[in-house]
Student: 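Have a look at the structure that comes next, please.
Computation of the quantities below employed the complete heavy-atom set of this structure, encompassing side-chain atoms and omitting hydrogens, waters and symmetry-equivalent molecules.
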Amino acid sequence: MKRVTLTMLLLASGSVAAHGVTLRIADQKGNMRAELEAAQQLNDLSYRIEWAEFPAAAPLAEALNAGAVDAGIIGDAPLLFSLAAGSQVKAVAVSKSTPAGLAVLVAPDSPIKTPRDLRGKRIATGRGSIGHFIALKALESAGLSDKAVSWRFLTPADARIALASGSVDAWATWDPYTALAEVTHTGRVLINGVGLSSGNSFLAATDAALSDASKRAALQDYINRLAAADRWANRHVEAYSAWLAKIIGFPQEAAAKSFARRQSHWQSIDDHTVQQQQETADFYQKYGLIAQPLDVKPTFYRGLQVAQQ
C-alpha cells in the first residue's frame, strides 16, 4: 500500500485539523487513485492515504463492513447489497456517469444477437455486483426472468477466462473490463447500461470514520480533490488515460475508451439520487437479492458537500 504525505484542511464551518490522520481508501482498478495522481491532487495535504485496491465491489464492500478501510468507491447496486446485509456505511458523494461501459458481453462470433437469445444460456458475473444488475435488467428488457438463464458467479478475471474458453455464454461486467474486451476483440457488447442503469457510483464511508471529526474533515477534503481530479481528467483524456493504463496494467486504448465514454462528474447527494437508489433497491428486492424492502434514505450522509468549480 502506498502512503502519500499530505497539509491542511478547511471546511465551510471553519478550520479542522487533520494532521496525523490516515485515511484508508478502497479503490477499484485504480479508479480514484489514477485520477488523483494524474491531476496532482495528492500534493500538499495534511493526512496520509493508505490505498487498498480491489478487483470488484464485493470484496471492497466486505472490507468496508469489516472496518478494514474507511471509505471506498462502489456502484449503486453492490452498495445496496452490502447495506441490506447490515454494513455500517453511508454513501457520502455520488459520481454521475453515462453507463455505456456497463454491459453484457458475448464472444465475438457468438450466435447470441439480442438479449432474448440469452434464454437457457450461462451468464458469468459477480453476485450482487453492478454486472449482476445489468444482466437482470437485460433479461427483463427481453421479457425473460432471472430463472431463464444459468448463473456463474465469478470474479472478473475468472469470468473473462470463462467467456474466452466457452464455459459461459455471456459475461455481465463493467469498465475497464468491457473496454479491454472490446479493444482486444475478445468480447462483443450485446447490450449496455444506457437506459437501464442510473450510472451512479458512490463514495461510501464507514459510520466509524464519519463519527471521527478529523477523519470526516479529511474525507471532505478528499471528496473535493476527487471532484477536481475528475474535472481535470475530462479535460485531458489522453494524458489521463496514459496514467490510468500504467496503474491498472491495461492498454492505453482500453483505458481511454473506458474513461472517455463515462463523462463523469462528482456531486453532492441530492433527492433525485436518493430516489434513483430507492428504485434500484426495489428492483433488487423484486429479484430476491435483497430479502426485505429497504428504505435507502438512512443509508445516505449529507454532511459532506462536493465543491463545484
Student: Under 3.5 Å, is there a donor-acceptor pair linking the side chains of Q277 and N200?
Tutor: no
Student: If the threshold is 4.0 Å, N to carboxylate O, is there a salt bridge linking D212 and R216?
Tutor: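 No, D212 and R216 are not salt-bridged.
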Student: When rounded to the nearest 0.5 angstrom, what distance separates CD1 in I134 from CH2 in W174?
Tutor: 12.0 Å
Student: Classify the side-chain pair S264/D230 by whether it contains a donor and acceptor separated by less than 3.5 Å.
Tutor: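 The answer is yes; a qualifying pair exists.
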Student: Can you list everything that forms a ring-ring contact (aromatic ring centres under 6.0 Å, His included) with W243? Sequence neighbours excluded, please.
Tutor: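 For W243 there are no ring-ring contact (aromatic ring centres under 6.0 Å, His included) partners, ignoring immediate neighbours.
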Student: Are N234 and Y240 close enough that a side-chain donor and a side-chain acceptor fall under 3.5 Å?
Tutor: no
Student: Of K257, R261, R262, which meets side chain to side chain donor-acceptor pair (under 3.5 Å) against D175?
Tutor: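 Output: one option passes, namely R261.
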Student: Near R119 CZ, under 6.0 Å, is it more than 12 heavy atoms from other residues, nucleotides or ligands?
Tutor: no
Student: At their closest point, which heavy atom of M32 faces which heavy atom of A26, and how far apart are they?
Tutor: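 So the minimum-distance heavy-atom pair works out to CE-O, 3.4 Å.
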Student: What do you reckon, is NZ of K113 surrounded by more than 12 foreign heavy atoms closer than 6.0 Å?
Tutor: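 Enclosed: over 12 neighbouring heavy atoms sit under 6.0 Å from NZ of K113.
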Student: Is K137 positioned over the aromatic face of F283, cation under 6.0 angstrom from the ring centre and no more than 45 degrees off axis?
Tutor: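 Satisfied, under 6.0 Å and within 45°.
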Student: If you take the centroid of each ring, where Trp contributes its six-membered ring, are F153 and H132 closer together than 6.0 Å?
Tutor: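 Yes, they do, as the ring centres are separated by less than 6.0 Å.
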Student: Which value, rounded to the nearest 0.5 Å, describes the distance between L64 atom CG and K90 atom NZ?
Tutor: 12.0 Å
Student: Should the heavy atoms of other residues, nucleotides or ligands under 6.0 Å from CD of Q285 be counted, would the total exceed 12?
Tutor: yes
Student: Nearest heavy-atom pair of F202 and A91: which atoms, and what distance?
Tutor: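 So the minimum-distance heavy-atom pair works out to CD2-CB, 3.8 Å.
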Student: Between V104 and Y287, is there a shared hydrophobic cluster once you connect ILVMFWY residues whose side-chain heavy atoms come closer than 4.5 Å?
Tutor: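 Looking at the clustering, Y287 is in the same group as V104.
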Student: When you look at CD of Q267, are more than 12 heavy atoms from neighbouring residues, nucleotides or ligands closer to it than 6.0 Å?
Tutor: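 Yes - once you tally the heavy atoms of other residues, nucleotides and ligands closer than 6.0 Å, there are more than 12.
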Student: Identify, with sequence neighbours excluded, every residue that meets ring-ring contact (aromatic ring centres under 6.0 Å, His included) alongside H236.
Tutor: W232
